[in-house]
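Here the structure is laid out as structure tokens; the discussion comes afterwards.
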Amino acid sequence: MSEKWQVTIYKISDRDEKTEKVFKILEEELSDENRSEKQDIIKESFLVVQEEQFNSQQLENSSEENFDLFLFYRKAQKQHPNWKGFLKPFVADGTIITDEVESWNESFALFLYQRETKNLYVVTGGYSFLQIQLHADGDFGLEILSRKANSQDEKFLLKVKELGLTGGIVSVNKLFRNNYNLLENREFGHLYQEIEAVAKKPLLQDLGFKDTSKAICTAKNSFKIGRSISFGDMLSLVTKLDSIYKNETPRVTINEIKKISRIVRKNLVKNLDIALLEKLWEASGNLEIRKDLDFVHSDVDSFCSASQYMFNSTVFEERVHLLDGIYKSLKIKDKAKFFTRIQNADLCSYQEDGVELTKAPFLKHFFTEIAQNGATYFYVFGEWFEITQNFQKLLNESCNSFIPENPANELEIPWPNGMDEGVYNEKYLEEGANTTNTLVLDKVTPENIESCDILRWDDEKAYLYHVKSGFDASMRDLTSQIQIAATKIKDDIVNPNSNYLEKLYKRMNTNQICKKQKISKAKFLKIFKKKKLVFVLAVKDSAITERPISDVTNFDSNIAKFSLSELEKSMRALGETLKITQIKQS
């Protein structure tokens with residue numbers, strides 16, 4: 001049996017109410033008298049499971065170098081996959097494939113408490129990482145990498161997993177043909193969740209490796225070097241990582257949004273936690289608010305591939321409507337009871353054979369945004385983030401570059417503050433308005449897709465205006481609407497089996513307001529199919545004193561800026577033209 005193994009190292013995150021007593025007792029000098037108590041508290045805090053329990057293991061040496069060590073082991077009976085029962089009626093008795101052979105899953109968790117820095121680390125094997133991840137520092141590995149990378153343009157990225165904080169994509173995995181750097185892969189509104197990188201000679205030397213030939217490291221909520229090492233080398237590695245984390249400052253910025261410490265900024269985090277609970281309560285009776293909640297485990301791939309989900313004791317089999325099903329199962333009309341339930345509930349996902357894939361508190365499955373006191377904060381799987389000043393600067397520069405270079409013809413009718421969007425759009429049907437080569441298609445939504453609010457055209461181009469009051473967080477919905485419309489219309493033009501545009505014409509002629517407009521079906525379809533399409537974001541500033549959108553530094557909403565940047569990128573990928581114009585106030 002090999003005495004070397006590739007280790008994955010986690011760091012337990014900032015102290016909170018659940019872990020405070022662990023750190024408190026670990027600070028006491030380890031002795032024969034208190035060792036058992038320390039083991040019990042660690043086990044109770046981190047390794048609670050419903051079935052077979054983790055058991056403490058006796059060590060020859062409880063302390064090594066500057067570490068106190070605590071080892072736990074669990075042997076859990078493994079459920080048999082469902083396909084055994086599926087095949088059993090069709091195979092002969094005694095066939096090996098359907099024999100009910102007893103099988104087991106084995107797991108361990110080794111806790112390493114650094115006595116000098118008072119940091120707690122964990123090395124896991126088997127399925128124990130499911131319990132540890134509930135308390136792990138969410139970006140420990142990324143923080144190590146940020147302290148050891150030489151520069152933003154160093155090409156060390158091999159593979160990444162990113163979360164999309166804006167737009168329609170929740171998670172994306174990227175594998176690069178050639179090594180990329182952080183600047184080449186920068187995408188606004190994306191948060192690195194995992195990085196697989198080249199570990200070069202300087203990093204390997206700093207980590208104590210004698211063999212400094214290239215290796216691969218994986219940085220996420222844990223840190224791992226793709227080398228098999230001995231137990232003694234593992235202790236040395238944790239010592240090096242602890243020193244890097246504590247004593248070195250980041251050389252590069254990996255994520256342009258910064259995690260908010262729950263200890264350093266207790267009051268802010270407390271207020272944000274309350275705001276989140278209020279939002280989840282409002283979402284219980286408001287589907288529009290619920291649409292703004294992305295609901296998934298931080299291990300997106302495993303969670304989305306699961307066959308079953310369990311919230312409390314209720315089992316769900318459909319991920320798409322999982323959150324709706326959970327809200328329906330709660331049946332709680334009292335706000336205080338609702339808060340208590342969701343703060344204390346776990347959500348687990350399982351493979352078809354019953355093997356647990358993910359487990360985390362219910363609240364750690366959300367990521368959403370909260371606006372408070374003029375600032376925007378992101379809640380990502382139990383942690384709060386804020387946008388750095390550098391990121392705001394880059395985002396402003398990106399938008400300020402796009403907007404002046406992509407102007408569209410103005411919509412000439414002024415828009416009074418307080419007027420409903422639909423009422424404004426209808427003004428282009430009124431007597432005296434410029435109705436030449438103009439159609440109002442507001443609220444004409446075949447397949448629940450709105451092509452545009454106002455359509456205008458000339459000899460060469462068709463302009464699809466999407467009208468919006470306020471350059472704010474609601475821009476997220478509008479930019480998503482434009483992308484969906486562009487994708488659908490483009491598909492309809494090239495796909496002979498699609499008939500969205502014909503449905504659009506039919507709906508226009510049955511709409512109480514829009515049917516007043518007279519145009520033949522042939523001419524209507526020709527506008528879309530024979531002219532160059534230009535999608536136009538038409539925005540009116542909702543502030544009392546009108547601000548020019550040509551300079552986005554006039555506006556506070558980073559969500560609006562994120563959304564515009566994401567839309568510009570996605571429209572370019574579709575090969576469609578995006579323009580922007582400002583509707584004047586009256």
Side-chain angles (χ1 to χ4, degrees), residues 157-193 195 255-257 291 294 296 300-301 304 367 391 394-408 447-452 460-466 468 471 475-495 497-498 500-501 528-529 531-539 552 558-581:
L157 301 180
L158 296 172
K159 186 170 72 172
V160 301
K161 178 184 285 187
E162 300 171 0
L163 291 174
L165 300 182
T166 64
I169 297 176
V170 173
S171 178
V172 61
N173 294 313
K174 296 179 182 177
L175 178 64
F176 304 113
R177 288 190 178 90
N178 298 305
N179 297 355
Y180 264 43
N181 62 40
L182 292 168
L183 296 174
E184 290 171 324
N185 189 53
R186 171 179 284 148
E187 292 198 42
F188 291 116
H190 279 219
L191 176 72
Y192 284 107
Q193 190 180 19
I195 291 177
N255 282 319
E256 295 280 6
I257 63 173
K291 289 178 183 177
D294 292 312
V296 68
V300 179
D301 296 338
C304 292
F367 69 94
F391 191 41
L394 294 170
L395 189 56
N396 286 336
E397 289 175 354
S398 174
C399 292
N400 281 340
S401 172
F402 171 77
I403 294 172
E405 294 176 4
N406 294 276
E447 301 180 27
N448 291 319
I449 297 173
E450 187 170 73
S451 61
C452 62
E460 298 180 349
K461 298 177 180 178
Y463 301 88
L464 292 83
Y465 288 86
H466 290 257
K468 174 76 175 64
F471 192 71
M475 279 279 292
R476 181 177 180 174
D477 292 334
L478 183 66
T479 54
S480 177
Q481 174 185 308
I482 294 174
Q483 182 180 349
I484 292 170
T487 303
K488 186 62 181 177
I489 292 171
K490 181 175 183 177
D491 177 68
D492 197 83
I493 291 171
V494 300
N495 184 354
N497 296 319
S498 180
Y500 170 77
L501 292 174
F528 289 92
K529 296 187 176 184
K531 297 182 185 295
K532 170 68 175 176
L533 301 184
V534 178
F535 292 84
V536 182
L537 182 59
V539 181
V552 295
N558 290 297
I559 302 302
K561 298 169 191 177
F562 278 148
S563 300
L564 176 59
S565 180
E566 288 282 300
L567 178 63
E568 186 271 330
K569 180 182 65 179
S570 61
M571 294 293 280
R572 190 167 7 101
L574 280 172
E576 298 296 335
T577 302
L578 176 68
K579 301 286 185 180
I580 189 166
T581 189

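Just so you know, these numbers use all the heavy atoms, side chains as well, and skip hydrogens, waters and symmetry mates. Treat the numbers as computed from the prediction; the structure is a model and nothing was measured.
Contact check for Lys529 versus Leu501: side-chain heavy atoms found under the 4.5 Å cut-off. No side-chain heavy atom of Asn255 sits under 4.5 Å from any side-chain heavy atom of Phe391. When side chains are defined from C-beta on, Phe367 does not count as touching Leu191, because their heavy atoms never get closer than 4.5 Å. Counting heavy atoms from C-beta on, the side chains of Leu478 and Leu537 come closer than 4.5 Å. Between Phe535 and Leu567 the shortest side-chain heavy-atom distance does not fall below 4.5 Å. Inter-residue side-chain proximity for Val172 and His190 is flagged as met; some heavy-atom pair is nearer than 4.5 Å. Between Leu158 and Asn179 there is a side-chain heavy-atom pair separated by less than 4.5 Å. Using a 4.5 Å cut-off on side-chain heavy atoms (C-beta onward), Lys561 and Asn396 make contact.
Closest of all the heavy-atom pairs between Ile493 and Leu533 is CD1-CD1, 4.0 Å. The minimum heavy-atom distance linking Ala462 with Lys531 is given by the pair N-CB, 4.0 Å. Nearest heavy-atom pair across Ser498 and Asp492 is OG-OD1, 2.7 Å. Closest approach of Gln483 and Met571 over heavy atoms only: CA-SD, 4.5 Å. Summarising the geometry of Leu564 relative to Cys399, their closest heavy-atom pair is CD2-SG, 4.2 Å, with the distance given to 0.1 Å. Minimum heavy-atom separation, Ala485 to Ile449: CA-CG2, 4.0 Å.
To the nearest 0.5 Å, atom CG of residue Asn558 and atom OG of residue Ser565 are 11.5 Å apart. With rounding to the nearest 0.5 angstrom, the NE2 atom of His466 is 5.5 Å from the CD atom of Gln481. Rounded to the nearest 0.5 Å, atoms NZ (Lys161) and CG (Asp301) are 4.0 Å apart. To the nearest 0.5 angstrom, Glu576 atom CD is 10.5 Å from Ser570 atom OG. With values rounded to the nearest 0.5 angstrom, Leu574 atom CG is found 11.5 Å from Ile489 atom CD1. One distance of note links OG1 of Thr479 with CD of Glu568; it measures 12.5 Å at 0.5 Å rounding.
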Given Asn173 and Lys159, is the side chain to side chain donor-acceptor pair (under 3.5 Å) satisfied, shown in steps? CA-CA 7 Å; Asn173 294 313; Lys159 186 170 72 172; over 6 Å; no
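Under the 3.5 Å distance criterion, the side-chain polar atoms of Ser401 are left unmatched by any main-chain donor or acceptor of Glu397. Panel note: side chain Ser398, backbone Leu394; no donor-acceptor pair is recorded below 3.5 Å.
For Phe402, there are no ring-ring contact (aromatic ring centres under 6.0 Å, His included) partners two or more places apart in sequence or in a different chain. Residues passing the ring-ring contact (aromatic ring centres under 6.0 Å, His included) test with Phe471, sequence neighbours excluded: Phe555. Applying the salt bridge (charged side-chain N to carboxylate O under 4.0 Å, His left out) rule to Glu162 yields the partners Lys174; only residues at least two apart in sequence or on another chain are considered.
Taking the six-membered ring where tryptophan is involved, the planes of Tyr463 and Tyr465 are tilted, since the angle between them lies from 30° to 60°.
Within a 6.0 Å radius of CG in Asn178, no more than 12 heavy atoms belonging to other residues, nucleotides or ligands are found.
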